[in-house]
Structure formats: C-alpha cells, structure tokens
Amino acid sequence: MIDIKFIRSNVDAVRTAIRNKNEKADLDAILTLDENRRKLQFDFDNLKSHQNSVSATIAAKKKAKEDARVELAEMSKAAEAIKQISAALNAANFELEKALLTIPNLPQPEVPVGLDESFNEVMKYWGEKPNFAFEPKDHLEIANQNGFLDLPRGAKISGSGFPIYTGKGAKLERSIINFMLEYHLQKHGYEELMVPLAVNRKTMTGTGQLPKLEEDMYHIDLDDLFLIPTAEVPVTNFYADEVLSYKDLPKCYAAYTPCFRREAGSYGKDTKGLQRLHQFNKVEMVRFVEPETSATALEEMLANAEAILQAFGLHYRVLSLCTGDLSFASQRTYDLEVWAPGMQKYLEVSSVSNFGEFQARRANIRYKDKEGKVRHLHTLNGSGLATPRLMIALLETYQQADGSFRIPAVLQPWFNIKL
RNA sequence: GGAGAGUUGCCGGAGUGGUUGAACGGGACGGUCUCGAAAACCGUUGUAUCUUUACGGGUACCCAGGGUUCGAAUCCCUGACUCUCCGCCA
C-alpha cells in the first residue's frame with residue numbers, strides 16, 4: 001500500500017506508475033475520498049473536544065452537587081450529531097482504505113519502462129547451452145521413459161496440472177527440494193520456517209494477492225481460507241502487526257511449501273508436461289530488512305537463487321522485468337530463466353523482488369530504528385527455486401543418448417541417501 | 001462440536017461509569033555518583049490521525065466490531081484468539 005500522504009504530494013508520479021504497470025486505479029476518486037475524510041476527521045475532533053470538556057463540567061458539577069441540567073440537555077443533542085459524523089468518518093476511512101489497496105507499488109527508477117515482457121532487459125547469461133551428440137528429447141519423454149511421472153493419473157485424481165511424481169521421480173523431486181533448502185540454510189544463512197498452506201483473507205491482503213488476484217487462488221468457502229500460491233504469503237505475514245527492533249534485522253527465512261495456483265485465463269498456454277501446473281513445489285526466500293539495505297539485499301538474493309542453478313550446472317539468464325511485467329506489489333524484480341535444451345527455450349524458475357515498504361505497510365510490519373523511531377521495514381522475496389521447470393531443465397540437460405537420466409553430481413548424496 | 005476461564009502499555013500486574021494515556025513493580029534508555037562498573041538516586045519510556053513553518057495543540061486507541069450513557073478500560077451484545085475440561089479425530 002502506498003502512503004496516502006505520499007500520494008497527496010506526488011500525484012503525477014503515482015499516476016505514471018499506475019499507467020506504466022498497466023493497472024487500473026482511480027486516483028482522483030482516492031484524492032476526493034481523502035479530502036472528504038480529513039474534513040470529517042476535523043469536524044469529529046472538534047465535536048468530541050467540546051463534548052469532552054462539557055462532560056468534565058458535568059462531572060465537576062455533579063461532584064459539587066450543583067445543577068447540570070443545562071449541560072446535560074445540550075450534550076444529549078450533541079451526542080446525536082457525534083454519532084452521525086462518527087459513522088460517516090468510519091465509512092470514509094473504510095472506503096479510502098479499500099481504494100488504497102488497489103494502488104500498485106511504484107517501480108524503482110532503474111526499472112525499464114515497457115508494456116509487456118518483450119521490454120524486459122537481459123542482464124546476463126551464465127554458462128552455455130549444452131551440446132548433444134544426439135537429438136535431445138523433451139522432459140516428458142525422458143520422464144515417461146524412466147517412470148518419473150504419472151500425469152494422467154494426476155489428472156484423474158484432481159485434474160490436469162496436478163502432477164504425480166512416481167518412484168525415482170518422486171525421490172528426485174524430494175532430493176532437489178532438500179538440496180536447495182539446505183543450501184540456503186547452510187551457505188546463505190537463512191532460517192527455516194514451516195508454515196500453514198491455507199491462510200486467511202487478511203494475510204492474503206497483507207502481501208498484495210488480494211484484492212486483485214482472488215480469481216487466481218483456490219478458496220475454501222466454508223472457512224474463508226485460501227491455499228497459498230507461494231510461501232511468500234505466510235512467511236512475509238509472519239511478522240504482521242508487529243514492531244521489531246533494528247537489532248533483529250535483517251531477518252532471513254527460507255521455507256519449502258507446495259504452491260497452488262488456479263492459473264485462470266492461461267488455459268492452453270505452455271501446458272505440455274511440467275511447464276505450468278496448479279500445484280508445484282517451491283523453496284522460497286524471504287527477507288525483512290532496514291529500508292537502507294533493501295537494494296543490496298535484492299542483489300544478494302538474486303545471487304542466492306543463482307547459486308542453485310550454478311550448483312546444478314544449468315545454463316540460465318537473468319532478466320530485469322520492465323514496468324509492465326512487474327507484479328502489483330513489486331518495485332523491482334529479477335527473473336531467472338533456465339535453459340531447457342529439449343524444449344529449446346528459457347523457462348522462468350525464479351522471481352526475486354524488492355517490495356520496499358509496500359507489503360510492510362499493508363501487513364503492518366514495522367521496526368524501531370536506532371533513533372527509536374518506528375518505521376515500516378522493507379520486505380523482499382525470491383524463489384530459490386520452483387521445482388517443475390527446474391526439473392524440466394535437469395531432465396533435458398542430463399539426459400543420455402539412450403534416454404536414461406544421469407543424476408547430477410550435487411544431487412547424488414541427496415538421492416542416494418542411506419539409513 | 002459441548003462447558004467454563006481469560007485477553008490492559010516492552011513485560012508482570014491494578015483498575016468504584018466522570019482529569020485513567022491509564023496505579024504499582026520489573027525491564028530498557030538518559031543523567032548524577034565512580035578511574036570504570038555495580039548499587040543508590042533523579043528523569044524518560046506510546047501508536048495513529050487532524051492541525052501548525054515551527055514550538056505546540058486537538059482527537060482516537062486498555063483484543064476487534066456494535067450497543068447503552070451527557071460521559072465507558074469499567075455495563076450489554078457479537079466475533080476472534082488463548083487456556084482448562086468433555087466429545088471426535090490424524
């Protein structure tokens with residue numbers, strides 16, 4: 001959420017940001033609501049102030065056993081007016097709050113301006129596209145040949161997009177998750193969190209999924225709970241409504257969770273194999289930092305995510321997302337795209353974002369700085385990484401001429417773990 | 001799911017419907033003292049919002065939302081959460 005005071009004094013900047021992000025938000029309506037609210041607040045305060053002082057007089061007179069009927073009569077009427085204006089003020093605050101939730105975060109100045117993904121900037125490439133002495137197969141063929149996946153039965157049980165990993169495939173998936181998670185814990189200093197997979201409405205609003213993305217999420221009507229689309233949601237809200245100390249910062253958490261996405265509106269797009277799923281596994285990194293350090297933290301988290309791909313020896317590239325491709329809540333985002341030699345394309349496996357104080361403001365996460373001032377902190381998160389497309393890249397990169405799959409060296413200890 | 005108890009400031013813990021932003025204790029911070037520290041003593045210890053160039057001032061906030069009242073931390077209703085007991089269950 002953007003501070004209303006900031007909006008008030010930076011109308012043009014906010015307007016531009018909304019346009020560049022292809023968002024719809026009625027800024028003028030918000031300014032009017034704000035105007036109205038402040039007027040009501042002013043009136044309410046004055047009436048209350050008067051009421052308080054007269055009430056004190058009544059109290060004093062009663063104590064002195066004097067007649068207070070004049071005051072009581074006046075206050076009886078005033079109370080009615082206060083009740084009305086109080087209701088109006090509450091409504092105004094509610095409306096403004098609701099409207100403010102539809103304003104996206106402002107992109108940082110470094111973010112390339114552009115309508116869609118074609119304006120994203122490639123920051124760098126790492127490694128090389130692998131060469132094969134044979135025609136590389138796509139991951140689905142490799143998976144099927146080796147008995148790693150059973151997508152038809154997943155579809156039977158739940159629907160398309162709910163994969164079943166079978167036998168060695170399941171173990172491979174689990175090895176990947178364990179490896180990535182431990183890597184972040186041991187080499188990058190993150191602390192592990194195991195979190196709820198179903199969260200309430202307030203939590204979803206805190207990180208910015210609501211109100212915009214309600215259609216993209218699985219919802220349990222009976223309890224008004226949502227299945228998380230990413231661990232970012234429960235992990236970032238870990239500190240909702242709390243005030244931390246600057247001494248506690250930065251806080252760095254990593255969490256493995258399944259993620260659930262309805263992918264509404266993307267039917268028929270990239271559906272082959274594991275490219276786009278309703279349920280998938282992901283290790284997520286989240287940081288809570290002092291505002292001054294969030295830019296550096298973003299670069300570190302990007303490096304943390306890259307380290308995984310490098311450990312796997314996979315060719316990838318880093319993109320800086322343009323304004324039109326930035327998420328609603330993000331100020332600046334890097335995407336990691338891994339090369340899938342069978343499908344001959346780059347696939348997004350990670351998104352690393354700096355949200356500034358946007359989420360902290362929504363979720364009410366603050367900290368007390370060195371001067372003792374209470375401020376909103378900054379939040380960041382990054383996938384480290386999402387498994388399905390990583391699995392695609394691994395299967396396709398480490399396939400052998402006979403269609404078998406060679407477990408990458410770094411995964412061997414995790415895959416061949418002995419009791 | 002049924003029955004009961006509770007939710008006050010950083011923490012513990014008072015609080016009769018009328019100077020209660022909230023006693024008291026602890027912690028933390030600043031100061032005096034000291035070579036330094038401890039102890040002791042003195043002081044400080046909110047958040048939001050409106051207004052003001054500023055100093056300051058107003059208002060709200062004792063889990064949340066309603067209600068009663070001239071006036072509510074204090075009375076009533078609803079909800080959330082925590083704890084105890086019973087039932088059910090991985």
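Chain identifiers are assigned alphabetically (A, B, ...) following the order of the sequence lines, protein sequences preceding nucleic acid strands; residue numbering begins at 1 within each chain.
Here rU53(B) sits opposite no nucleotide as a Watson-Crick or G-U wobble pair (both hydrogen-bonding atom distances under 3.5 Å). Searching all strands for a Watson-Crick or G-U wobble partner of rC81(B) with both distances below 3.5 Å returns rG6(B). In a base pair of the Watson-Crick type (N1 to N3 plus N6-O4 or O6-N4) or a G-U wobble (N1-O2 and O6-N3), with each distance short of 3.5 Å, rU32(B) is matched with rA40(B). Across all strands shown, rA90(B) remains unpaired; no Watson-Crick or G-U wobble contact has both distances below 3.5 Å. Base pairing of rA48(B): its partner is rU59(B), meeting the Watson-Crick or G-U wobble criterion (both donor-acceptor distances under 3.5 Å).
Atom-to-atom, CD1 of I82(A) to C1' of rU59(B) comes out at 11 Å; the value is rounded to the nearest Å. Across the protein-nucleic acid pair, Y367(A) atom OH and rC10(B) atom C1' stand 19 Å apart, rounded to whole Å. In this structure, D43(A) places its CG atom 18 Å from P of rG58(B), rounding to the nearest Å. Taking atom CZ on F42(A) and atom C1' on rG57(B), their separation rounds to 12 Å, with Å as the unit. Distance L47(A) CG to rC70(B) C1': 14 Å, rounded to the nearest Å. The CZ atom of R366(A) sits 8 Å away from the C1' atom of rA48(B) (whole-angstrom rounding). Spacing between atom NZ of K202(A) and atom P of rC81(B) amounts to 13 Å, rounded to whole angstrom units. For the pair E80(A) CD and rU69(B) P, the computed distance is 10 Å after rounding to whole Å.
For V374(A), the listed nucleotide lying nearest its side chain is rU47(B); candidates were rC50(B), rA60(B), rU47(B). Of the candidates rG18(B), rU59(B), rC50(B), rC50(B) carries the atom nearest the R37(A) side chain, counting heavy atoms from C-beta on. Closest to the side chain of K5(A), from the set rU49(B), rU59(B), rG71(B), is rU49(B). Of the candidates rU49(B), rU59(B), rU68(B), the closest approach to any side-chain atom of S49(A) belongs to rU59(B). Side chain of Q41(A), nearest nucleotide from rA60(B), rC50(B), rG18(B): rC50(B).
Among the protein residues, A79(A) comes within range of the sugar-phosphate backbone only, with heavy atoms under 4.0 Å from sugar or phosphate atoms but none that close to a base. When heavy atoms are screened at a 4.0 angstrom cut-off, R8(A) is found touching the sugar-phosphate backbone but no base atom. At the heavy-atom level, K62(A) lies under 4.0 Å from base atoms of the strands shown. Nucleic acid contact class of K83(A) (heavy atoms, under 4.0 Å, all strands): sugar-phosphate only. Residue N93(A) is classed as having no contact, given no heavy-atom separation below 4.0 Å to the nucleic acid. Note on R69(A): nothing from the nucleic acid sits closer than 4.0 angstrom, heavy atoms only. Among the protein residues, E74(A) comes within range of no part of the nucleic acid, since none of its heavy atoms lies under 4.0 Å from any strand.
A distance of about 16 Å separates the P atoms of rG31(B) and rA39(B), rounded to the whole Å. Here, rC55(B) and rG21(B) have their P atoms 24 Å apart, quoted to the whole Å. Across rU7(B) and rC75(B), the matching P atoms stand 11 Å from one another, rounded to whole Å. Only the P atoms considered, rU34(B) is 22 Å distant from rC29(B), to the nearest whole Å. For the P atoms, the distance linking rG27(B) with rU20(B) amounts to 26 Å, nearest Å. With P as the reference atom, rC63(B) and rA23(B) are 16 Å apart, rounded to whole Å. The same atom, P, is picked in rU53(B) and in rG43(B); the two are 36 Å apart, to the nearest Å. Taking atom P on both rU69(B) and rU74(B), the two are 16 Å apart, rounded to the nearest angstrom.
No donor-acceptor pair under 3.5 Å is formed between the side chain of S294(A) and the backbone N or O of E290(A).
Distances shorter than 4.0 Å separate some side-chain N or O of N52(A) from OP1 or OP2 on rA60(B). Residue N46(A) has no polar side-chain atom (N or O) positioned under 4.0 Å from OP1 or OP2 of rU51(B).
Under 3.5 Å, the side chains of T257(A) and K282(A) contain no donor-acceptor pair of N or O atoms. When only modelled atom types and interatomic distance are considered, N200(A) and T203(A) share a side-chain donor-acceptor pair under 3.5 Å.
In this structure, G206(A) and R362(A) approach most closely via the heavy-atom pair O-CB, 3.2 Å. Across A295(A) and N354(A), no two heavy atoms sit closer than the pair N-ND2, 4.1 Å.
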After noting the C-alpha distance and the side-chain angles of Y190(A) and R287(A), does the key distance pass the side chain to side chain donor-acceptor pair (under 3.5 Å) rule?
CA-CA 9 Å; Y190(A) 288 84; R287(A) 291 197 190 191; 3.1 Å; yes
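Within a 6.0 Å radius of NZ in K168(A), other residues, nucleotides and ligands contribute 12 heavy atoms or fewer. F42(A) CZ: 12 or fewer foreign heavy atoms inside a 6.0 Å radius.
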